[in-house]
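All values below were derived from every heavy atom in this structure, side-chain atoms included, with hydrogens, water molecules and symmetry-related copies excluded. Because the structure is predicted, anything quoted here is derived from the model rather than measured. Residue numbers start at 1 and run along the sequence shown.
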Amino acid sequence: MKSKIIYIILTAAALLSCEKQDRWLDKKANKSDIVPTTIADFQLIMNNTDIMNDRYGSYGTISSDNFYITYANWQSAFSNAERNAYVWATEIYEGGNSIDWDLGYQRIVFSNIVLDGLAKIAINQSNQAEWNRLKGTALFYRGLNFFELVQTFSKAYDINTSKEDLGIVLRLTSDINEKSVRASVQKSYDQLLSDLLAAEPLLPQFPQLKTQPSKIAVHGVLSRIFLCMGNYEKAHHYADLALKAYSDLIDFNTLSTTQPAPFPTFQLDNREVLFYCTGASWGSTNFSRLRVDENLYASYVNGDLRKLVFYNNNGNNGIAFKGTYTGVTGVNFYGVAVNELYLIRAEASAGLRNASAATEDLNTLLRTRWNKNSTYPVFETVDADVAMAKILDERRKEIPFWGARRWQDLKRLNKMPAFQKTLTRNLNGTIYTLPPNDPRYVYALPDIEIRLNGLPQNKR
């Protein structure tokens, strides 16, 4: 990793978008003065949405079960890694790089540059507020990316084995001489939670722009993390904090069922979006190439507007997804939104055996997705297990193509025998399968990290 980090630090300014790069270079024309040192410098780094808010979680997206691709599209995939990930191959990279590893640690390095730089700046009355916001922003991004990396490159969290299971490399400084070592899964979660909890008091309740972190975004991410850890009490607590601050839902009756992108872009305010970032969209997972799983599509009953808002049924050409919360055709949403928070709080309530609260949240969400000309079928049960099964079913239908969220769900639900699932692919008559808890749910570290840093490799 050292060689990559040296390169990233030396080219941090060059990686900024064109407009931001020009502004940076105007101030840093002398190459010997290219190291960021001021509040304004660190603002530019954290405001670089091309790096900090883009291309999250590609492998989990490719490996999930909500879609399939044709054999021809699989053959024409952009890389060997993409083809291999789609069929859950043991060998993924074939000597190449890992996009999820590289981009995740790139964002972590940028965060560490800001955190190390801020520590050298004297705080006064005029800069205190922005200093706090920038530190909170850097901690948020570092914690978020540690979480995404541990979801991809480590086993699902298991309280009984987390201290022995291999986690990720925890880069906590921009010092290129820091040795790369793998922490345990437990230490990885301890660190990412520490980052996010430290970020929370430093950030505003709501951001000026939805590409910027805020308290409510921290609460949303924490609720997601604790759900993946199986900690229903804390998942409920943080989802509840976020929803008490903001809980607006879109009435799907107000949306077009014919537009190629029915949701507004975040600039025009999709009011459910609390924090905006996008998922990676490789060749196979580009919405123009994927075909929605027919069983998933058939699970939407008459009256459920999601079937019309989310999808186009193209007959023999398959079913296409169009309902991305980015509002931009072909760009996958990966951020934090109100609908997911309702689902998290509902699931956590069911896990805590409170079927009444669970069904109340689920009905609140689903009513806004129901055709106003049809009677909404209120879901009622006093059985928390029945509520849980329904909530998980609706979770899959509500956020089917939110980055790697489905992959993360499959990993964590494998720990629950009632919800385990064997995944299957059929490519030109060749059948590929992925059983529950298979080692291939954990992606291998990139080959170069093993060679250069001697990191222990995951077994697949």
Side-chain angles (χ1 to χ4, degrees), residues 53-70 73-74 76-89 92-93 96-104 106-107 144-145 147-154 156 221 224 228 275-293 296-297 310-311 318-337 340 395-414 421 423-425 427 432 434 438 440-444 446 460:
N53 297 75
D54 191 26
R55 294 196 293 169
Y56 281 74
S58 60
Y59 294 127
T61 305
I62 293 167
S63 297
S64 63
D65 64 337
N66 284 345
F67 77 99
Y68 66 95
I69 57 174
T70 65
N73 280 340
W74 180 74
S76 63
F78 290 168
S79 69
N80 290 333
E82 185 179 8
R83 281 186 288 273
N84 292 332
Y86 180 73
V87 297
W88 314 298
I92 297 293
Y93 315 116
N97 68 326
S98 164
I99 186 172
D100 282 10
W101 182 276
D102 290 350
L103 294 180
Q106 183 183 62
R107 289 185 284 264
L144 174 63
N145 282 279
F147 173 67
E148 295 300 325
L149 287 163
V150 79
Q151 286 290 297
T152 302
F153 297 102
S154 299
V221 172
R224 184 185 301 162
C228 286
F275 172 70
Y276 182 92
C277 62
T278 63
S281 183
W282 289 17
S284 294
T285 55
N286 185 285
F287 295 151
S288 65
R289 295 162 66 93
L290 67 82
R291 297 182 178 185
V292 175
D293 176 74
L296 170 61
Y297 181 72
F310 285 173
Y311 305 105
I319 301 154
F321 178 72
K322 62 175 180 174
T324 174
Y325 266 32
T326 64
V328 181
T329 302
V331 179
N332 202 354
F333 181 71
Y334 208 99
V336 178
E340 184 188 7
R395 179 177 171 86
R396 186 185 183 194
K397 293 193 289 183
E398 177 68 22
I399 52 173
F401 294 96
W402 281 31
R405 204 80 81 249
R406 175 61 179 168
W407 180 251
Q408 294 169 3
D409 284 347
L410 288 165
K411 283 185 71 169
R412 68 184 180 88
L413 294 175
N414 276 340
K421 182 178 181 181
L423 308 189
T424 303
R425 307 276 201 215
L427 280 173
Y432 302 86
L434 184 69
D438 191 279
R440 289 171 293 169
Y441 268 101
V442 182
Y443 273 85
R460 283 175 60 85

> Taking W74 for the side chain and I69 for the main chain, is one N or O donor matched with an acceptor at less than 3.5 Å?
Replying inline: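 No; zero donor-acceptor contacts below 3.5 Å.
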>> I need the Y432 OH to L427 CG distance, nearest 0.5 Å.
In response: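 Going from the OH atom of Y432 to the CG atom of L427 covers 5.5 Å.
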> Is the NZ or CZ atom of R406 positioned over F401's six-membered ring, under 6.0 angstrom from the centre and within 45° of the axis?
Replying inline: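 Not satisfied by the 6.0 Å and 45° rule.
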> To the nearest 0.5 Å, what is the distance between CD1 (I92) and OH (Y86)?
Replying inline: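 Reported value, rounded in 0.5 Å steps: 14.0 Å.
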>> Under the criterion side-chain contact (heavy atoms from CB on, under 4.5 Å), I'd like the reasoning laid out for N84 against Y93: C-alpha separation, chi angles, the key distance, then a yes or no.
In response: CA-CA 8 Å; N84 292 332; Y93 315 116; over 6 Å; no
> In Å, rounded to the nearest 0.5 Å, how long is the span from OG1 of T424 to OH of Y68?
Replying inline: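 T424 atom OG1 to Y68 atom OH measures 14.5 Å (nearest 0.5 Å).
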> Just how far is it from atom CZ of F310 to atom CD of E398, taken to the nearest 0.5 Å?
Replying inline: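 The CD atom of E398 is 5.0 Å from CZ of F310, to the nearest 0.5 Å.
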>> Suppose we screen for ring-ring contact (aromatic ring centres under 6.0 Å, His included). Which residues come up paired with F153, at least two apart in sequence or across chains?
In response: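 Only W101 meet the ring-ring contact (aromatic ring centres under 6.0 Å, His included) criterion with F153.
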>> Between T61 and G403 (side chain of the first, backbone of the second, donor and acceptor by atom type, cut-off under 3.5 Å), is there such a pair?
In response: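 It does hold such a pair.
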> Shortest non-hydrogen contact from P446 to S98?
Replying inline: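 Answer, listing the atom of P446 first, then S98: CB-CB, 3.9 Å.
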> Are Y311 and Y297 near enough that their ring centres are under 6.0 Å apart?
Replying inline: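 Yes, the ring of Y311 comes within the 6.0 Å limit of the ring of Y297, centre to centre.
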>> On a heavy-atom basis, which atom in R425 and which in F67 lie closest, and how many Å separate them?
In response: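 For R425 and F67, the tightest heavy-atom pair comes out as NH1-O, 3.2 Å.
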>> Just verifying a value: how many Å separate L413 CG and R396 CZ, rounded to the nearest 0.5 Å?
In response: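 One finds 11.0 Å between CG of L413 and CZ of R396.
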> So do Y334 and R405 actually touch side chain to side chain, heavy atoms under 4.5 Å?
Replying inline: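 Result yes, sub-4.5 Å side-chain heavy-atom pair found.
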> Side chains of T329 and K322: closer than 4.5 Å at any heavy-atom pair?
Replying inline: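 Side-chain contact under 4.5 Å: no.
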> Between D100 (side chain) and Y59 (backbone), is there a donor-acceptor pair under 3.5 Å?
Replying inline: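 Yes, D100 side chain to Y59 backbone: donor-acceptor pair under 3.5 Å.
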> Between T324 and V328, which heavy-atom pair has the shortest distance, and what is it?
Replying inline: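 Minimum heavy-atom separation between T324 and V328: CG2-O, 3.4 Å.
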> Can you tell if the side chain of Y441 reaches within under 4.5 Å of the side chain of L410, non-hydrogen atoms only?
Replying inline: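 Side-chain contact under 4.5 Å: yes.
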> So, for E82 and A77, which heavy atoms are closest and what is the spacing to 0.1 Å?
Replying inline: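 Where E82 meets A77 most closely, the heavy atoms are OE1-CB, 3.6 Å.
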> Any side-chain heavy atom of V221 within less than 4.5 Å of one from F275?
Replying inline: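 Side chain of V221 against side chain of F275, heavy atoms only: no contact under 4.5 Å found.
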> Which pair of heavy atoms, one from N66 and one from P400, lies closest together, and at what distance?
Replying inline: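 Result for this residue pair: ND2-O, 2.8 Å.
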> With a 4.5 Å heavy-atom cut-off, do I399 and R395 have their side chains touching?
Replying inline: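 A side-chain contact under 4.5 Å exists here.
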> Does the separation of the ring centres of W402 and Y325 fall below 6.0 angstrom?
Replying inline: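 Yes, the ring of W402 comes within the 6.0 Å limit of the ring of Y325, centre to centre.
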> Judged by atom type as modelled, is there a donor-acceptor pair below 3.5 Å linking the side chain of K411 to the main-chain atoms of Q151?
Replying inline: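 Yes; at least one donor-acceptor contact below 3.5 Å.
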> Any donor and acceptor pair, going by atom type alone, linking the side chain of S64 with main-chain N or O of W407 inside 3.5 Å?
Replying inline: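 No: the side chain of S64 does not pair with the backbone of W407.
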> Going by heavy atoms in the side chains, are W88 and L423 under 4.5 Å from each other?
Replying inline: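 Sidechains of L423 and W88: in contact.
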>> Could you tell me if the side chain of R224 sits less than 4.5 Å from the side chain of V336, heavy atoms only?
In response: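 Heavy-atom side-chain distance check passes, below 4.5 Å.
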>> If we ignore hydrogens and angles and just use 3.5 Å, is the side chain of S76 paired with the main-chain N or O of N73 as donor and acceptor?
In response: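 Side chain of S76 to backbone of N73: a pair is present.
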>> I need the R83 CZ to I62 CD1 distance, nearest 0.5 Å.
In response: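 Between R83 CZ and I62 CD1, I get 11.0 Å after rounding to 0.5 Å.
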> Looking at Y276 and N53, what are the two nearest heavy atoms and their distance?
Replying inline: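 Result for this residue pair: O-ND2, 2.9 Å.
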